[in-house]
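Working notes, beginning with the structure itself.
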Protein chains: 2
Amino acid sequence: MTETHEACAPFPEPAVGEIRLEAVLHALADPVRLRIVSSLAGCTDQVNCLAFDVPVAKSTLTHHFRVLREAGVIRQVRRGTSKMNSLRSEDLAARFPGLLDSVVAGHRASSRYPL
Amino acid sequence: MTETHEACAPFPEPAVGEIRLEAVLHALADPVRLRIVSSLAGCTDQVNCLAFDVPVAKSTLTHHFRVLREAGVIRQVRRGTSKMNSLRSEDLAARFPGLLDSVVAGHRASSRYPL
DNA sequence: TGCTCAGTACGATAACTCTCGTACTACGAG
DNA sequence: CTCGTAGTACGAGAGTTATCGTACTGAGCA
């Protein structure tokens, strides 16, 4: 199953025009979610939910992913038993140009990862 | 630094290097504060606290201004019986380039003021 | 001295959020 | 069919936040 075939299940998310600035800012104003977003911004591939090394329980992770999805920051798609996550970079850039980039850059800079 | 001699009364605020991204995002993720910041971004002059037409009580306003100041988003200076507020645009731009601009632009766009 | 205006301090309350553990569903592998 | 893996649902507890009203301080003015 190496083919694309991804959009098999749509998940509740706001349309591009429905993305609210406050919701996005609130979604990003949490250390766990900021880390997730920063990780997602790194790779162009989709990543499943448990692949992030954040020190929280599974159910907490579910909560954070829902917040991100409902704010319009990420998109979630079923793939087998997993749920693949990807940033809605283009949608965000269309609605709030430069916002995501500056946040991700700021996070990387202030968490001074060697990478 | 030739200059402005404004600091007649210093108010507790983080140094440029101490401004935390999450605190800034959290400060901006509130409708009242977003409106204040957007208003401040419009004028280059300093504005006193009660000059904003936000539908909240005086004490609530004090709370919001403290959140903004402690996050490093605004600076407050005494002037007579008033307290003048100004955006720390340069400090924010130095630490998180583009962030404030995109947030303000996004807020203006989405609050579709007939302006 | 006394009055007024700008803002603070202090509860108090209601709402929201982050976190967890446990129980549950859904899918795929064997 | 059975089992393991990925994720959800559902409380529940602890902490934070937004909001208010009332009482207070402090600067300027008459």
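Protein chains get the first letters and strands the later ones, always in sequence-line order, with residue 1 at the start of each. Just so it is clear, the structure is predicted and the values come from calculations on it, not from any experiment.
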Starting from [atom2] on [N], measure out to [atom1] on [X] and report it in whole angstrom.
X	N	atom1	atom2	value
A/I36	C/dC18	CD1	P	11 Å
B/D30	D/dA18	CG	C1'	8 Å
B/K83	D/dG28	NZ	P	15 Å
A/R79	D/dA6	CZ	C1'	14 Å
A/R78	D/dA6	CZ	C1'	8 Å
A/R66	D/dA6	CZ	P	20 Å
B/F65	D/dA18	CZ	C1'	15 Å
A/N48	C/dA26	CG	C1'	15 Å

Once you round to the nearest 0.5 Å, how far does CG of B/L28 lie from CG of A/L28?
11.0 Å
Return the NE2 to CG distance between A/H64 and A/L34, rounded to the nearest 0.5 Å.
11.5 Å
Which one of A/L87, A/L68, A/I74 satisfies the side-chain contact (heavy atoms from CB on, under 4.5 Å) criterion with A/I36?
A/L68
Consider side-chain contact (heavy atoms from CB on, under 4.5 Å). Of A/V67, A/V103, A/V24, A/N85, which one does A/V73 pass it with?
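Result: among A/V67, A/V103, A/V24, A/N85, A/V24 is the only option passing the side-chain contact (heavy atoms from CB on, under 4.5 Å) with A/V73.
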Please confirm whether any donor atom in the side chain of B/T62 sits under 3.5 Å from an acceptor in the base of C/dG7, or the reverse.
no
At 4.0 Å (heavy atoms only), tell me whether A/S82 reaches a base, stays on the sugar-phosphate, or touches nothing.
sugar-phosphate
Name the nucleic acid region contacted by B/V56, choosing base, sugar-phosphate or nothing; use a 4.0 angstrom heavy-atom cut-off, strictly under.
sugar-phosphate
Name the closest nucleotide to the [X] side chain, picking from [options].
X	options	value
A/A57	C/dC20, D/dG21, D/dA6	C/dC20
B/T81	D/dC20, D/dA6, D/dA27	D/dA27
B/L50	C/dT19, C/dG7, D/dA18	C/dG7
A/H26	C/dT17, C/dT19, D/dA6	C/dT17

Both A/V32 and B/S59 contact DNA chain C. Taking the nearest nucleotide for each, which residue is further toward the 5' end?
B/S59
First encountered from the 5' end of DNA chain C, between B/R69 and A/H63
B/R69
Check the phosphate of [N] against [X], side-chain N and O only, distance under 4.0 Å to OP1 or OP2. Yes or no?
X	N	result
B/R33	D/dA18	yes
B/T60	D/dA18	no
A/H64	C/dT19	yes
A/K58	C/dT22	no

Taking all atoms of both residues into account, what is the closest heavy-atom pair of A/A41 and A/R108, and its distance?
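Looking at all heavy atoms of both residues, the shortest contact is C-NH2, 3.9 Å.
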How far apart are the closest heavy atoms of B/P55 and B/R35, and which atoms are they?
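Shortest heavy-atom contact: CD-NH1, 4.2 Å.
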